[in-house]
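Here the structure comes first, spelled out in structure tokens, and everything after it is commentary.
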Protein chains: 2
Amino acid sequence: MSLKQVHNTLERLCNLLRVEAREQGAGGGLLPVQLEALHYLFQCNRYSDTVQGVTEYLGQTKGTVSQTLKVLENRGLITRHPDSSDRRLVHFRPSRSGRRQLAHAVPARFLSAALETKSATETQQLADDLIELLRTAQETRAMKTFGACKTCRFNERVASRFRCGLTGESLSKPDTEKICREHQYPEAC
Amino acid sequence: MSLKQVHNTLERLCNLLRVEAREQGAGGGLLPVQLEALHYLFQCNRYSDTVQGVTEYLGQTKGTVSQTLKVLENRGLITRHPDSSDRRLVHFRPSRSGRRQLAHAVPARFLSAALETKSATETQQLADDLIELLRTAQETRAMKTFGACKTCRFNERVASRFRCGLTGESLSKPDTEKICREHQYPEAC
DNA sequence: TATAAAAGTATCGAGTCGAAACATAAAGAG
DNA sequence: CTCTTTATGTTTCGACTCGATACTTTTATA
């Protein structure tokens, strides 16, 4: 039954990601979870780089995430920025050394090596298939999608720039490439 | 760059697998790692159901794995079988209640739901692509493949039955569907 | 026969993780 | 405008993971 095959192979690929993350992180004394949090902060936009954002993404509790971010901050891999308008909020951004550390770990070497033998179109096809899988999985479970801003139903085009229909704020093009915790795909119907 | 897309999406899918494993396992008081070990023991053949086998598969140390298996045994999810010929070896097999517990967790519900909307051939195509990706990834890193016995270069056909060229033992058809720690794909050349 | 290697167990310490309690700030109700 | 509720984040505690190390027993090798 190919459904189980998909599950088993995905699980195995996850193991490899984790094993490699362990090796990579070991260099800088980081654990897989910490690398994942760092990776998320690198990808997400300014509405999503908070404790709550990481919490929803990693599926852990906010207490745990708070600890993880404290470690990353102590090692100088991320910086802390209290929100100017809402004083409950704290934003975290990868520092230069955080981004450098991340560049070693993403993409995983075993993935680079495996996809090296494939053509660009084949790789793109695989990426599209996986994204499609992820998307339908998230829709059916009514979970947060964390998609790129530019694929969001709230994203509005204003002249040559963009605008978020939720916050009303104006967005640059790079802004719309980042992932957002409020992201929703357009309605299928 | 689609290589990073593949990495990011895979990482996200891993998160979902883990989140769901946490929910599922929480019912029986199991942690994600323990479920993974149980799942491995369910899939592997009689040469691979040892502490060392699980160790190589999960990429942890044998001390850790020994602990994990002790927990699973104490909860009655696996049974312990000392090897008859080599008295250093201990085999572990999922019990009835272990298999029942596993049936709840595999395949993950979000995967079932997502692939439900696809045709059988599309699902099979995705499975094949992932298996292919896994295979080349493992080849390039010279790591253990843990493939199904029937795809192994040591597998020999004898009349209507099979035989392992490494151990010399005769194998049944179901035997050859299980995964093995000594597995090697046939040479590409 | 002596030595080395392999499989597994036991123990310790650092760190993850979830749960719960807590603090602070914003939003809402009357 | 005050009181209550809700949201974000931190701290603390206990259970557990995980790697490192030392150890035992058994098998393989020189």
Side-chain angles (χ1 to χ4, degrees), chain A residues 15 18-19 21-38 41 44 46-75 78 80-92 167 181-182, chain B residues 15 18-19 21-38 41 44 46-75 78 80-92 167 181-182:
Chain A
N15 275 329
R18 254 190 127 65
V19 166
R22 226 189 296 268
E23 290 172 7
Q24 279 299 320
L30 288 186
L31 293 163
V33 194
Q34 296 165 343
L35 264 181
E36 280 185 61
L38 185 59
L41 289 175
C44 75
R46 60 174 180 270
Y47 307 135
S48 315
D49 58 356
T50 62
V51 171
Q52 189 63 23
V54 180
T55 297
E56 290 164 3
Y57 187 84
L58 292 185
Q60 301 175 342
T61 61
K62 55 186 179 175
T64 301
V65 170
S66 184
Q67 301 265 20
T68 301
L69 295 184
K70 196 160 64 175
V71 171
L72 290 177
E73 190 187 2
N74 288 341
R75 309 222 175 146
I78 60 177
R80 164 185 297 258
H81 307 272
D83 191 282
S84 50
S85 61
D86 187 334
R87 296 205 293 178
R88 290 173 303 182
L89 292 182
V90 189
H91 300 271
F92 294 91
T167 66
R181 52 181 285 223
E182 304 290 356
Chain B
N15 275 329
R18 252 189 130 63
V19 166
R22 224 189 297 268
E23 289 172 7
Q24 278 300 320
L30 287 187
L31 294 162
V33 195
Q34 296 165 343
L35 262 182
E36 281 186 61
L38 185 58
L41 289 176
C44 75
R46 61 175 181 267
Y47 307 135
S48 315
D49 57 356
T50 62
V51 171
Q52 189 63 23
V54 179
T55 298
E56 290 164 3
Y57 187 84
L58 292 184
Q60 301 175 341
T61 62
K62 54 185 181 176
T64 301
V65 170
S66 184
Q67 301 266 21
T68 300
L69 295 185
K70 195 160 66 175
V71 171
L72 290 178
E73 190 187 1
N74 288 339
R75 308 223 175 146
I78 58 177
R80 165 185 295 259
H81 306 273
D83 191 282
S84 50
S85 61
D86 186 334
R87 297 204 293 179
R88 291 174 303 182
L89 292 182
V90 189
H91 300 271
F92 295 91
T167 65
R181 53 181 285 224
E182 304 291 355

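Below, read A as the first sequence line, B as the second, and so on, with proteins coming before strands; counting in each chain starts at 1. In what follows, every heavy atom counts, from backbone to side chain, and hydrogens, waters and symmetry copies are set aside.
Among the heavy atoms of the strands lying under 4.0 Å from A/T50 are primed sugar atoms or P, OP1, OP2 only; no base atom is included. Heavy atoms of A/V71 sit nowhere under 4.0 angstrom from any nucleic acid atom. A/S85 comes within 4.0 angstrom of the backbone, heavy atoms only, and of no base. Across all strands shown, A/V33 has heavy atoms under 4.0 Å from sugar-phosphate atoms exclusively, and none from any base.
Taking the 5' to 3' direction, DNA chain C first and last meets chain A under 4.0 angstrom from a heavy atom at C/dG15 to C/dA26.
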Practice prompt. Verify side chain to side chain contact (heavy atoms under 4.5 Å, CB included) between A/V71 and A/Q67, making sure each step is shown before the conclusion.
Written response: CA-CA 6 Å; A/V71 171; A/Q67 301 265 20; 5.8 Å; no
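Taking atom CD of A/Q52 as the reference point, atom P of D/dT8 lies 5 Å away to the nearest angstrom. Distance CG (B/D83) to C1' (D/dT25): 14 Å, rounded to an integer number of Å. Rounded to whole angstrom, the span from the CD atom of B/Q34 across to the C1' atom of D/dA15 amounts to 11 Å. Rounded to whole Å, atom P of D/dG9 lies 9 Å from atom CZ of A/R88. Note: CZ (B/R22) to C1' (D/dT17) measures 12 Å, nearest angstrom. Here D/dT6 presents its P atom at 13 Å from NZ of A/K62, a figure rounded to the nearest Å. Going from atom CG of A/L31 over to atom P of D/dG19 covers 9 Å, rounded to whole Å. Between the P atom of D/dG14 and the CD atom of A/Q67 lies a distance of 15 Å, rounded to the nearest Å.
Summarising the geometry, atom CG belonging to B/L72 is positioned 4.5 Å from atom CD1 belonging to B/I78; distances are rounded to the nearest 0.5 Å.
With hydrogens and angles ignored, the 3.5 Å screen pairs no side-chain donor or acceptor of B/S48 with any backbone N or O of B/G53.
Side-chain contact between B/E36 and B/R18 is present, with at least one heavy-atom pair separated by less than 4.5 Å. A/V33 has its side chain within reach of A/Q60: a pair of non-hydrogen atoms, C-beta onward, lies under 4.5 Å apart. Contact check for B/D83 versus B/T50: no side-chain heavy atoms found under the 4.5 Å cut-off. Put simply, the side chain of A/V90 does not reach to within 4.5 Å of the side chain of A/H81, judged on heavy atoms. A/L41 has its side chain within reach of A/L69: a pair of non-hydrogen atoms, C-beta onward, lies under 4.5 Å apart.
Between B/G53 and A/G63, it is B/G53 whose nearest contact on DNA chain C lies nearer the 5' terminus. Along DNA chain C, the nucleotide nearest to B/L89 and the one nearest to A/T64 differ in position, and the one closer to the 5' end is contacted by B/L89. Across the interface with DNA chain D, nearest-nucleotide mapping of A/S66 and A/R18 shows A/S66 to be the residue nearer the 5′ end.
In this structure, of D/dT26, D/dG9, D/dC18, it is D/dT26 that holds the atom nearest to the side chain of B/D86. Among the nucleotides D/dT27, D/dC18, D/dT8, the one closest to any side-chain atom of B/Q60 is D/dC18. Of the candidate nucleotides D/dT26, D/dT8, D/dC16, D/dC16 has the atom nearest to the side chain of B/R75.
For D/dT24, neither phosphate oxygen OP1 nor OP2 lies less than 4.0 angstrom from any side-chain nitrogen or oxygen of B/R87.
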